Amino acid sequence: MSKNKQFIINLVASLVNFAVNMGIGFVITPFIVGRVGAEAYGFAGLANTMVGYATLFTIALNSVAGRFITVAYHQGNKRKADTYFSSTLAANLVMTLILTVVAVPLIVNLEHVIHISPTW
């Protein structure tokens with residue numbers, strides 16, 4: 001695939017992602033506010049912020065790994081590139097496990113961590 005086609009595909013994918021996120025925001029926000037009130041929308045924002053932080057860690061890890069994988073691959077060292085890839089996959093899985101172990105008990109006991117009004 002040529003670089004121009006790849007660039008166009010990436011651009012279209014980014015635009016579709018942006019449009020879907022905007023659409024979800026415009027559809028979900030009135031639904032949440034209408035169903036559970038404006039206070040609950042603050043909790044949705046808090047959850048989105050936490051997901052954003054996890055995404056930043058993942059992007060940083062994968063960007064650094066992508067550089068090392070690319071350099072090793074272009075140097076002809078496919079075994080080293082595979083090792084970097086496997087290590088990155090393992091690190092992503094460990095990060096997912098850690099976040100799950102922390103997030104599930106936190107979500108289950110959320111009323112003890114932050115004040116949630118009894119109107120829910």
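As the structure is a computational prediction, the values presented were derived from the model and not from experiment. Any value given below was found using the heavy atoms of this structure, including those in side chains, with hydrogens, waters and symmetry copies removed.
Leu99 and Ile59 end up in different hydrophobic clusters when Ile, Leu, Val, Met, Phe, Trp and Tyr side chains are linked at under 4.5 Å. There is a path of hydrophobic side-chain contacts, each under 4.5 Å, that joins Met50 to Leu106. Following chains of ILVMFWY side-chain contacts shorter than 4.5 Å, one can reach Val64 starting from Phe85, so the two form part of one hydrophobic cluster. Under the 4.5 Å side-chain heavy-atom criterion for ILVMFWY residues, a single connected hydrophobic cluster contains both Leu46 and Tyr53.
Taking both residues in full, the closest heavy atoms of Ile69 and Ala81 are given as O-CB, 3.8 Å, listed atom of the first, atom of the second, then distance.
Scored by the ring pair (Phe, Tyr, Trp, His ring centres under 6.0 Å) test, Phe57 finds no partners at all (sequence neighbours excluded).
Legend: side chain to side chain donor-acceptor pair (under 3.5 Å) pairs involving residues 93-107, not counting sequence neighbours: none detected. A side chain to side chain donor-acceptor pair (under 3.5 Å) check over residues 66-88, counting only residues at least two apart or in different chains, returns nothing.
Counting only heavy atoms from C-beta outward, the side chains of Asn109 and His112 approach each other to under 4.5 Å.
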